[in-house]
Q: 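One structure is given below, represented as structure tokens, and several questions about it will come after.
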Amino acid sequence: MRRVPNRLAGPDIRLTDYGIRGMHLAYDLLEDWSALVLVDAVPDRGAPGTLHVFEVDHRTLTARAGLDAHAMDPGAVFAGLTALGGSAPRTVVVGCEIAAVEDGIGLSAPVAAAVPAAARAVEDVLAVLQAHPAAEGA
């Protein structure tokens, strides 16, 4: 078991690796969450390993027909949450541009090099969310 840094631990913070269990996340979001921070890969825009931190505008996401219990695509997760009668909390994404989409184990070199900066970005987002829980933008 990996040790969680103290700055990422606390009674108001839950760290969970949902993997491909998008519906599990949707069901968990039926609870009263003040915010959600998603850490994931984002499409390659020509600079693999580049980090992007942004707040999701839930009004612009389109619902999809049907539910896929294994889809982790945020749009599918939030569509599933809506179908279950819930509403998404404030959501911030810390995303890293991918280098490759081929099957394989491990991270590409540019993505692996971005992990420390991504961890710091998550810490920064959590600090902002805790300091200003109702503020717009992160």
Side-chain angles (χ1 to χ4, degrees):
M1 175 179 258
R2 286 185 275 182
R3 185 177 166 281
V4 175
N6 288 340
R7 59 194 173 274
L8 295 180
D12 296 337
I13 299 173
R14 175 172 45 176
L15 300 173
T16 305
D17 179 358
Y18 285 94
I20 61 168
R21 298 173 297 133
M23 281 308 294
H24 187 165
L25 173 57
Y27 276 107
D28 282 354
L29 288 171
L30 290 173
E31 298 172 17
D32 187 25
W33 289 35
S34 60
L36 169 66
V37 179
L38 291 175
V39 181
D40 206 350
V42 295
D44 177 16
R45 295 182 179 167
T50 300
L51 295 177
H52 299 275
V53 179
F54 57 93
E55 190 156 345
V56 174
D57 180 358
H58 293 285
R59 297 168 299 183
T60 63
L61 293 176
T62 57
R64 298 171 185 210
L67 297 177
D68 181 349
H70 299 289
M72 193 51 208
D73 173 86
V77 171
F78 296 129
L81 175 62
T82 300
L84 292 168
S87 59
R90 180 177 179 191
T91 304
V92 178
V93 175
V94 176
C96 183
E97 286 189 34
I98 60 170
V101 295
E102 295 81 23
D103 288 339
I105 302 295
L107 301 174
S108 65
V111 172
V115 169
R120 284 189 302 278
V122 170
E123 293 170 354
D124 293 346
V125 167
L126 290 174
V128 168
L129 291 172
Q130 289 179 314
H132 308 286
E136 291 298 318

Q: Starting at CG of Asp28, measure out to CG of Leu81 and round the result to the nearest 0.5 Å.
A: 10.5 Å

Q: Which pair of non-hydrogen atoms, one from Ile98 and one from Val111, has the smallest distance, and what is that distance?
A: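 Taking Ile98 first and Val111 second, the nearest heavy atoms are CA-CG2, 4.2 Å.
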
Q: Please report the closest heavy-atom contact between Arg90 and His132, naming both atoms and the distance.
A: NH1-O, 3.2 Å

Q: With the 4.5 Å side-chain cut-off for hydrophobic clustering, are Val53 and Leu126 part of the same group?
A: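 Val53 and Leu126: one cluster.
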
Q: Linking I/L/V/M/F/W/Y whenever any side-chain heavy atoms sit under 4.5 Å apart, do Val125 and Ile13 land together?
A: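 In one cluster: yes.
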
Q: Taking all atoms of both residues into account, what is the closest heavy-atom pair of Met23 and Gly80, and its distance?
A: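 For Met23 and Gly80, the tightest heavy-atom pair comes out as SD-CA, 4.2 Å.
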
Q: Minimum heavy-atom separation for Pro116 to Ala113, with atom names?
A: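 Heavy atoms of Pro116 and Ala113 come nearest at CD-O, 3.5 Å.
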
Q: Just how far is it from atom OG of Ser108 to atom CD of Glu102, taken to the nearest 0.5 Å?
A: 10.0 Å

Q: Got Leu29 and Pro89 here, is their nearest side-chain heavy-atom distance under 4.5 Å?
A: yes

Q: Check whether Leu129 and Leu51 end up in the same hydrophobic cluster, where Ile, Leu, Val, Met, Phe, Trp and Tyr are linked by side-chain heavy atoms less than 4.5 Å apart.
A: no

Q: Within the distance-only criterion (no hydrogens, no angle test), does the side chain of Glu97 pair as donor or acceptor with the backbone N or O of Ala47 below 3.5 angstrom?
A: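 Answer holds: yes.
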
Q: Where do Leu38 and Val56 land on the side-chain contact (heavy atoms from CB on, under 4.5 Å) test, with the steps shown first?
A: CA-CA 10 Å; Leu38 291 175; Val56 174; 5.6 Å; no

Q: Can you tell which of Val94, Val93, Thr91 makes a side-chain contact (heavy atoms from CB on, under 4.5 Å) with Phe54?
A: Val93

Q: List the atom of Tyr27, the atom of Leu84, and the distance in Å for their closest heavy-atom pair.
A: OH-CD2, 3.6 Å

